[in-house]
Undergrad: 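Before I ask anything, let me first share the structure, which is written out below as structure tokens.
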Amino acid sequence: MNKKRGRKKETKVQKLQESFSTKEFLSNQIKKGAIRAPHRALLYATGISSSDLEKPFVGIASAFSDIVPGHIHLRELERWIERGIVESGGVPFVFGIPGICDGIAMGHSGMHYSLPSRELIADSIESMIKAHCLDGIVLLTNCDKITPGMIMGAVRVNVNIPTIVVTGGPMLAGFYKNKRRSLVRDTFEAVGLYEAGEISQQELQQLECSSCPTAGSCQGLYTANTMACLVEAMGLSLPYCATSLAVSSEKKRIAYESGKRIVQMVYENLSPLRILSQNSFHNAIVVDLAMGGSTNTVLHLKAIAYEAGIRIDLKLFDEISKMVPNIVRLEPAGDLYMEDLHRAGGIPAVLNVLQKFLKPNITVSGKNVLDIAKQGKVEDEEVIRYKKPYSTEGGIAILYGNLAPEGAVVKQSAVLPNMRKFIGPAVVFDSEQEAMNAILNKKIKKGDIIVIRYEGPKGGPGMREMLSPTSVIQGMGLADKVALITDGRFSGGTRGPCIGHVSPEAAAGGPIGVIRDGDIIEIDIPNRKLNIRLTETELGARLAKLQGELLSREKKFKTGWLARYVDMVTSASEGAVLKPKR
């Protein structure tokens, strides 16, 4: 019996070796022919041997750094990916990709660079693939903008090389006073508790030290973990990659298997544009809404689709939301964590529950997503509530009205039922910091609707996340008493009636730019409405005046990368992608 197994294995190896000699690699452009002698000389300088020139060259785009908690462990995962690539007969090359920690960048000028960094990351991936003629690439990523940015870069490369994504995984929950802890609730929201006199300085310091105990992306279903889940649902990661913990041995095995698989994908010509179809985006949106993921995924899915040449209308999110039940509620909407979701069966279990909503699509594993869904199993019905969903609608809603003609986004699964319809007077701020100062100085009262504008893609610039003001509102006990709307965006950790991505933005002449203190705003999430009580005549007159004011408005950044970004970035309703001026 063992001899037979040995002969089968030998036959597979022989077939793989035969394919080495017949496969026309993209990397041959830099390693074949007499004219490429200088190129080979430089490649030899890296330490590779002449026999390596007959093998596929596979890049490992790594977001490793010492300053981002979600990335500090990626160096070890690089090694496991390398092992897999070498075992399958490829030659691995690791190169670095920048990554910003949104939590560290939050609440100051550094946050201007977060969303724009997605475009720099995409450009970096494109540049490295094209310049070095790689045959395949593994995207080793984690955290908010890095994952979509890497995929955007790999997808836009016209050679369309095989791509597999390894997300670094979530961190473990912390522990303090017999209770599990997390970054958002126990540090950001703790600031509000401290300001309200609910906790002491010592308790705040204890929470700081206990909330983030390991490497990995933040513990709840915030943007980083939501994107990891959607990447797996789209078919770009191996099963269980999204939820396997950063510090687990399982994560290492998945990294290793991904390294092996990418070489096989090179021979199969299984490129990302064979995986990223209309169906794959449909499936990602289904999973997103069923789990109540971050509102930032609307931006990122639209941006990835744009690079893939696929159009996703903003209304599609709402259409699917009205069909798909909300079956998972992790933080911030609930009290569970990614570690609970993994224990309950991970994304394959979620897919299993959602089978009737899914569409057939190939994945990097070689299996159809429907087959993965059939094999998934729910291990804990309290985590994945398929028999008793939290609600009959999905976690995200798209609102329209005279205040948001192109749409606005809200995580409805994180809004209390009594706050889903809300009418109140506007309290207007032209920056996040102005609003933050007013909140901390207790100038916001029950019934107010806080408006933060000029924080959109152009106006920010960079569409800064608003986790600091929303968390302080929560911590100060105002979450069920006030609402917040903005042309900027929110962290995946935001909860409450917080409406973002209001489009068009103020800097583009949108209606949010003409709101005045005391104007009455109507929020109606069940009916998908966001309006300001103004006559068409009054609104039109204010908009005309705003156009003139924008011409004389001073630019926040006159030099550097952000000055260029402002000139090219599109509306949030289009994914805030960059489009060159024609």
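All values reported here derive from a predicted model rather than from experimental measurement. Numbers for residues simply follow the sequence, beginning at 1.
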Undergrad: Within the side chain of Arg274, is there an N or O that forms a donor-acceptor pair under 3.5 Å with the backbone of Asn269?
TA: yes
Undergrad: Report yes if some heavy atom in the side chain of Tyr306 is under 4.5 Å from a heavy atom in the side chain of Thr570; otherwise report no.
TA: no
Undergrad: Tell me whether Asn283 contacts the main-chain N or O of Leu358 through its side chain, where contact means a donor paired with an acceptor under 3.5 Å.
TA: no
Undergrad: Give, for atom CZ of Phe281 and atom CG of Leu276, the distance between the pair rounded to the nearest 0.5 Å.
TA: 5.0 Å
Undergrad: How long is the gap from CG on Leu230 to CG on Leu301, to the nearest 0.5 Å?
TA: 5.5 Å
Undergrad: Would you please test Asp186 and Ser211 for side-chain hydrogen bond (donor to acceptor under 3.5 Å, both in side chains) and show each step?
TA: CA-CA 6 Å; Asp186 298 294; Ser211 296; 4.9 Å; no
Undergrad: So that I can tick it off, tell me whether Glu393 and Lys322 are bridged by a salt bridge, with the cut-off set at under 4.0 angstrom between side-chain N and carboxylate O.
TA: no
Undergrad: Please check this pair: side chain of Thr295 against backbone of Lys411, looking for a donor-acceptor N/O pair closer than 3.5 Å.
TA: no
Undergrad: Evaluate the side-chain contact (heavy atoms from CB on, under 4.5 Å) criterion for residues Val68 and Ile100: first the C-alpha distance (whole Å), next the side-chain angles of each, then the deciding distance (0.1 Å), finally the verdict.
TA: CA-CA 7 Å; Val68 182; Ile100 289 174; over 6 Å; no
Undergrad: Work out which heavy atom in Cys241 is nearest to a heavy atom in Val165; give both atom names and the distance.
TA: SG-O, 4.2 Å
Undergrad: If the threshold is 4.0 Å, N to carboxylate O, is there a salt bridge linking Arg343 and Asp340?
TA: yes
Undergrad: Begin with the C-alpha distance, continue with both residues' side-chain angles, and end with the deciding distance and a verdict on side-chain contact (heavy atoms from CB on, under 4.5 Å) for Gln219 and Leu183.
TA: CA-CA 7 Å; Gln219 303 101 325; Leu183 172 71; 4.2 Å; yes
Undergrad: Under a 3.5 Å distance rule, please check whether Glu339 uses its side chain to pair with a backbone N or O of Ala173 as donor and acceptor.
TA: yes
Undergrad: Find out whether Leu299 and His501 are in side-chain contact, i.e. whether some heavy atom of one side chain is under 4.5 Å from a heavy atom of the other.
TA: yes
Undergrad: Got a salt bridge between Asp335 and Lys179, using NZ or NE/NH1/NH2 to carboxylate O under 4.0 Å?
TA: no
Undergrad: Over all heavy atoms of both residues, which pair between Ala63 and Ile146 is shortest? Give the atoms and the distance, please.
TA: CB-CG2, 3.8 Å
Undergrad: For Trp80 and Ile254, run side-chain contact (heavy atoms from CB on, under 4.5 Å): C-alpha distance rounded to whole Å, both residues' side-chain angles, the deciding distance at 0.1 Å, then the answer.
TA: CA-CA 9 Å; Trp80 288 95; Ile254 289 173; over 6 Å; no
Undergrad: Less than 4.5 Å apart, side chain to side chain, heavy atoms only: is that true for Lys359 and Gln278?
TA: no
Undergrad: Less than 4.5 Å apart, any side-chain heavy atom of Ser114 and any of Arg489?
TA: yes
Undergrad: In Å, rounded to the nearest 0.5 Å, how long is the span from OG1 of Thr226 to CE of Met291?
TA: 7.0 Å
Undergrad: For the residue pair Arg118 and Ala576, what are the closest heavy atoms and their distance?
TA: NH2-O, 3.0 Å
Undergrad: Any chance the side chains of Asn296 and Thr223 put a donor and an acceptor closer than 3.5 Å?
TA: yes
Undergrad: Of all heavy-atom pairs between Ala344 and Ile384, which one has the smallest distance, and what is that distance?
TA: O-CD1, 3.7 Å
Undergrad: Establish, for the pair Arg83 and Tyr256, whether the NZ or CZ atom is under 6.0 angstrom from the six-membered ring centre and no further than 45 degrees off its axis.
TA: no
Undergrad: Any heavy-atom pair between the side chains of Pro497 and Val410 that's under 4.5 Å?
TA: no
Undergrad: I'd like to know if Glu250 pairs up with Arg253 as an ion pair, taking the criterion as any Lys NZ or Arg NE/NH1/NH2 lying under 4.0 Å from an Asp or Glu carboxylate oxygen.
TA: no
Undergrad: Could you tell me whether a side-chain N or O of Asp135 sits under 3.5 Å from a main-chain N or O of Val58, the two making a donor and an acceptor?
TA: no
Undergrad: So, the side chain of Arg385 versus the backbone of Glu382: is there a donor-acceptor pair under 3.5 Å, distance only?
TA: no
Undergrad: Just verifying a value: how many Å separate Leu273 CG and Arg156 CZ, rounded to the nearest 0.5 Å?
TA: 12.5 Å
Undergrad: If you look at every heavy atom in Gly70 and Asn142, which pair is closest and at what distance?
TA: O-ND2, 3.0 Å
Undergrad: Regarding Ser182 and Glu331, is there a side-chain donor-to-acceptor distance under 3.5 Å anywhere?
TA: yes
Undergrad: Are any of the side-chain heavy atoms of Phe188 and Met106 separated by less than 4.5 Å?
TA: yes
Undergrad: Does the His282 side chain pair with the main chain of Ser277, one donor and one acceptor, at a distance under 3.5 Å?
TA: no
Undergrad: If only atom types and distance count, is the side chain of Asn326 paired as donor or acceptor with the main-chain N or O of Gly394 below 3.5 Å?
TA: no
Undergrad: Is there a side-chain contact (heavy atoms from CB on, under 4.5 Å) between Gln355 and Leu370? Walk through the geometry before answering.
TA: CA-CA 7 Å; Gln355 286 184 70; Leu370 297 183; 5.9 Å; no
Undergrad: Hey, what do you get for OG (Ser573) to NZ (Lys302), rounding to the nearest 0.5 Å?
TA: 7.0 Å
Undergrad: Between Asp318 and Lys315, is a salt bridge (Lys or Arg N to Asp or Glu O under 4.0 Å) present by the stated rule, with each step listed?
TA: CA-CA 5 Å; Asp318 212 49; Lys315 292 180 180 178; over 6 Å; no
Undergrad: For the pair Arg420 (side chain) and Val415 (backbone), establish whether a donor and an acceptor sit closer than 3.5 Å, ignoring hydrogens and angles.
TA: yes
Undergrad: When you compare the side chain of Val364 with that of Leu238, does any pair of heavy atoms fall below 4.5 Å?
TA: yes
Undergrad: Is the backbone of Lys260 close enough, under 3.5 Å, to the side chain of Ser88 for a donor and an acceptor to pair up by distance?
TA: yes
Undergrad: How close do Cys133 and Gln29 get, counting heavy atoms only, and between which atoms?
TA: SG-CB, 3.9 Å
Undergrad: So that I know where these two stand, are Phe57 and Phe93 an aromatic pair - ring centroids less than 6.0 Å apart?
TA: yes
Undergrad: For residues Asp144 and Met227, determine if any side-chain heavy atom of one lies less than 4.5 Å from a side-chain heavy atom of the other.
TA: no
Undergrad: Once rounded to the nearest 0.5 Å, what's the spacing between atom OG1 of Thr147 and atom NZ of Lys145?
TA: 9.5 Å
Undergrad: Can we say Arg79 and Glu76 salt-bridge, meaning some charged N sits less than 4.0 Å from an Asp/Glu carboxylate O?
TA: no
Undergrad: When you compare the side chains of Ser244 and Lys251, does any donor N or O come within less than 3.5 Å of an acceptor on the partner?
TA: yes
Undergrad: My understanding is that only one of Ile285, Asp288, Val287, Val286 makes a side-chain contact (heavy atoms from CB on, under 4.5 Å) with Val324; could you say which?
TA: Val286
